[in-house]
Each structure stands twice: as structure tokens, then as C-alpha cells.
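Data first, discussion second: the structure below is written as C-alpha cells.
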Amino acid sequence: MQPPTNPPASLDDLMQRVVQIAGFTLGELASLADLKAPANLRRHKGWVGQLIELWLGAEAGSQQTQDFAQLGVELKTLPVDESGSPLETTYVCYAHLTGIAGLNWQQSNVRNKLSRVLWIPVQGSRDIPPALRVVGNGFLWQPNNDEEQALRSDWEEIMDFISLGQVEKLTARQGEVMQIRPKAADGRALTDAIGPDGSIIQTRPRGFYLKKSFTKAILQRQFNE
DNA sequence: CGGTGATCATCG
DNA sequence: CGATGATCACCG
């Protein structure tokens, strides 16, 4: 077994790849690809996601688009604890802080990314070395009406703050299922945003994240119903 | 710098 | 002890 060299031609093709890697450890998948698993993820935070991308044939470096654009699928690995609950929030996308006048939910990057997600649960407890973590059963998810409304409501509230120049008043506590948080290389990174008086200010770049309670509910809907 | 992949680590 | 705010690595 070895990683595919081409993107999946169809949804069935993609899901076959998903089934193939389920049950393997990250260390096994790494050595089959001539890679080495890091001892911990402190300096390799995106390693798990990139390994899974490799095994599913996702196009690398794709920007502001779904991982499998032609299939309309976004890939997300989800670190879970021993009881199957998410250990981390889930990054969705970068949040634009200027040039957002007239942008609505239907055309938003968030909605596009989340319209169809391939979730791959992976053991994520820190007491398990990355190489020994097992890949779970991946599944396709599309937001149901309730989920879409919740996402939309959070998105609109957050975007209202941003367009009204209140980005600095936004905190991760805002939002029921989705939040906005800093997303940058370090605290020195700055980007343009709308200030309180309507002029351009500099602020820390932000990204949208799904709260754990939301992804936990997605997993429960998939595996406990 | 803006974007991808995320997890880390401090603080309430 | 969990969530928020900060940070790590890589790419064009």
C-alpha cells in the first residue's frame, strides 16, 4: 500500500481511500510513505492533517478553496480523546477584515468550506505518541438546517462587528457554535481592519473556528444514531 | 503577508 | 482544567 499520486476521481474513489486508511496508525501510514512521525506535535502542528491529505490525494497548497474542489469536499482531521470527543476546536478559514461590505452568508468562505466536510477522527491524546495514534472512520457531513442556521447566525453577528469597526471588541466567547480567534505566525503579525471611526487600523489576523461542542455533536450524530 | 495544516500553553 | 489567545511549520 502506498499513497495515491492522483486526486480522487469521484466521491466513491475518495471514500474508498478513507476506508483504506482507517485502523492504521499514523506511524504506519508515515513509513509506508517514507516519512517519519515526529515524537510530538509541538513543532509539527499540522503534521497529522498533511499526512492524511497525502493519503487521500488532496491537492496541496490550495488556497481559499475546498481540499477536493472538484468534488466539493473540504477535509478536516479531528483529534479525539479516548471517549471520542474532540480535543481541539476546528479551524475553518481566515477571516477577512476589510472589503466585506455587502458580503452575505451564501457567498461566504465559511459556508463554502463547510458545505460538505470529510471528517477524519484521529486519536489525539497527548499521552499517545503521534506514531501510535490510530486513524478512525472518516465520514462525509453536510450541515442540516439547524446547524446551518447556527453557523449563519454566528457568522452574521461576527461579520457585523467587523464591518462596524468593532473587531477589537470581538472575543472567542462570542458565537454559539463558531468563534473568531487570532490566527497568525506570532503576536507581531498585523493586518488591515476597519477601525471604530471607519478608517483602516492594524490588528492581529483572525480565523474562524468551530467550537468543540459543535464538532462533538457532529460525531455523535454520525456514530451514536 | 495571507493562507494552509493545526496544537500549544497560559490564565481565569 | 478547559477555553482563549498565542504560536509553530510551510508555501507562493
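Letters go in sequence order (proteins before strands), and every chain restarts at 1. FYI, side chains are in, hydrogens and waters are out, and symmetry mates aren't considered; it's all heavy atoms of this structure. The structure displayed is predicted, hence computed values, not measured ones.
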Which residue, Gln50(A) or Ile180(A), contacts DNA chain C at a nucleotide closer to its 5' end, judged by nearest heavy atom? Ile180(A)
Among dG5(C), dT7(C), dC8(B), the one nearest any side-chain atom of Arg126(A) is dC8(B)
How is Tyr94(A) classified with respect to the nucleic acid when contacts are heavy atoms under 4.0 Å: base, sugar-phosphate, or nothing? sugar-phosphate
Paired with Glu147(A), the side chain to side chain donor-acceptor pair (under 3.5 Å) test is passed by just one of Arg152(A), Gln142(A), Arg221(A), namely Arg221(A)
Quick check for you: among dC8(C), dG5(C), dG5(B), whose closest atom lies nearest to any side-chain atom of Arg43(A)? dC8(C)
Considering only heavy side-chain atoms of Glu88(A), the closest of dT7(B), dT4(B), dT4(C) is dT7(B)
By the 4.0 Å heavy-atom rule, please label Leu190(A) as base, sugar-phosphate, or nothing. sugar-phosphate
Within the 4.0 Å heavy-atom criterion, would you say Thr89(A) contacts the bases, only the backbone, or no part of the nucleic acid? base
Please assess Trp105(A) against Glu148(A) for the test side chain to side chain donor-acceptor pair (under 3.5 Å), listing each intermediate value before the final yes or no. CA-CA 10 Å; Trp105(A) 166 248; Glu148(A) 168 122 10; 2.8 Å; yes
Of dT4(B), dT7(C), dT7(B), the nucleotide closest to the side chain of Ala184(A) is dT7(C)
Ring-ring centroid check Phe139(A) Phe223(A), cutoff 6.0 Å: yes
Counting side-chain heavy atoms from C-beta on, which of dC8(B), dG5(C), dG5(B) comes nearest to Arg42(A)? dC8(B)
From the candidates dT7(C), dG5(C), dG3(B), the one with an atom nearest any side-chain atom of Asp186(A) is dT7(C)
The side chain of Cys93(A) lies closest to which of these nucleotides: dC8(B), dG3(B), dT4(B)? dT4(B)
When you measure from the centre of the six-membered ring of Tyr91(A), is the NZ or CZ of Lys183(A) under 6.0 Å away and within 45° of the axis? yes
Lys183(A) has a side chain; which of dG5(C), dG2(B), dA6(B) sits nearest to it? dA6(B)
Expressed as a whole number of angstroms, how long is the span from Arg188(A):CZ to dG5(C):C1'? 15 Å
OP1 or OP2 of dC8(B) versus the side-chain N and O atoms of His44(A): is any pair under 4.0 Å? no
So does Tyr209(A) reach the base of dA6(B) with its side chain, donor to acceptor, closer than 3.5 Å? yes
Nearest heavy atom decides the nucleotide; on that basis, is Pro205(A) or Gly46(A) closer to the 5' end of DNA chain B? Pro205(A)
Looking only at the side chain of Ala172(A) (C-beta and beyond, no hydrogens), which of the listed nucleotides dG5(C), dC8(B), dG5(B) gets closest? dG5(C)
Of the candidates dA3(C), dA6(B), dT4(C), the side chain of Lys45(A) sits closest to dA6(B)
